[in-house]
Amino acid sequence: DAIREDIPAETLSRKKRGFDAPMSQWLRGDFGRDAERQIMGSLLVTSGVLNSDFIRQLFVEHRAGQERAMFIWVIYNLVRWHQYWIE
C-alpha cells in the first residue's frame, strides 16, 4: 500500500505467477556437469535401480539442444532425496 501509486494498476491487479528458474540453461553448464556426476555416482544408478545408459543419453541429448531438463531435474531430485533420507 505504501507504494501503490508508484506501481502500474495492471501490475497490481494481475494474477500471481510463478518464478521460472533457467534450469535448462543451468543443466548445460557447470551445474549440469555436477548434477550428472552426482546422479551417475548415486546408489540408485550404481545399483541398477535407475538405468545409467538412459540417464547418460538424457544429458547428451540435452546438451545437443533437445529439451530434457525436466527429466534430468526430476531424476536429480530423486537422487538427492534418496541420499538424504534413505542412505
Among all residues two or more places apart in sequence or in another chain, which pass the salt bridge (Lys or Arg N to Asp or Glu O under 4.0 Å) test with [X]?
{"X": "Arg33", "answer": "Asp30"}
{"X": "Arg14", "answer": "none"}
{"X": "Arg17", "answer": "none"}

State the [atom1]-[atom2] distance between [X] and [Y], to the nearest 0.5 angstrom.
{"X": "Asp34", "Y": "Leu27", "atom1": "CG", "atom2": "CG", "answer": "10.5 Å"}
{"X": "Ile39", "Y": "Ile72", "atom1": "CD1", "atom2": "CD1", "answer": "7.0 Å"}
{"X": "Ile75", "Y": "Leu50", "atom1": "CD1", "atom2": "CG", "answer": "6.5 Å"}

Q. Crowded around Gln38 CD? As in, over 12 foreign heavy atoms under 6.0 Å?
A. yes

(Q) With a sphere of 6.0 Å drawn around CD of Glu5, does it hold more than 12 non-hydrogen atoms of other residues, nucleotides or ligands? (A) no

Q. Does Leu12 belong to the same Ile/Leu/Val/Met/Phe/Trp/Tyr cluster as Ile3, with side-chain heavy atoms less than 4.5 Å apart forming each link?
A. yes

Q. In terms of hydrophobic clustering (I, L, V, M, F, W, Y; side-chain heavy atoms under 4.5 Å; direct or indirect links), are Val60 and Met40 co-clustered?
A. no

Q: List, by chain and then residue number, the residues other than Met70 in its hydrophobic cluster (Ile/Leu/Val/Met/Phe/Trp/Tyr, side-chain heavy atoms under 4.5 Å); write none if there are no others.
A: Val74

Q: Keeping to residues at least two apart or across chains, list the ring-ring contact (aromatic ring centres under 6.0 Å, His included) pairs with something in residues 49-72.
A: none

Q.
Please evaluate residues Arg80 and Asn77 with respect to the criterion side chain to side chain contact (heavy atoms under 4.5 Å, CB included), reporting the C-alpha separation (whole Å), side-chain torsions for both, the decisive distance (0.1 Å), and the verdict.
A. CA-CA 5 Å; Arg80 299 296 292 165; Asn77 279 280; 5.7 Å; no

Q. Can a salt bridge be assigned to the pair Arg56 and Glu61 using a cut-off of 4.0 Å between side-chain N and carboxylate O?
A. no

Q: Please name the pair of heavy atoms, one in Val45 and one in Ser52, separated by the smallest distance, quoted to 0.1 Å.
A: CG1-CB, 3.6 Å

**Q.** Heavy-atom closest pair, residues Ala69 and Ser24
**A.** CB-CA, 3.7 Å

Q | For Glu36, the option from Arg63, Arg68, Arg28 that meets salt bridge (Lys or Arg N to Asp or Glu O under 4.0 Å) | A | Arg63

Q) Sequence neighbours excluded, which residues qualify as ring pair (Phe, Tyr, Trp, His ring centres under 6.0 Å) partners of Trp26? A) none

(Q) In this structure, is the centre-to-centre distance between the rings of Trp73 and Tyr76 below 6.0 Å? (A) yes

Q: Evaluate the side chain to side chain contact (heavy atoms under 4.5 Å, CB included) criterion for residues Val79 and Leu43: first the C-alpha distance (whole Å), next the side-chain angles of each, then the deciding distance (0.1 Å), finally the verdict.
A: CA-CA 8 Å; Val79 163; Leu43 185 59; over 6 Å; no

Q: Decide side-chain hydrogen bond (donor to acceptor under 3.5 Å, both in side chains) for Ser42 and Gln83; before the verdict, give the C-alpha distance in whole Å, the side-chain angles of both, and the deciding distance to 0.1 Å.
A: CA-CA 8 Å; Ser42 73; Gln83 289 171 337; 5.5 Å; no

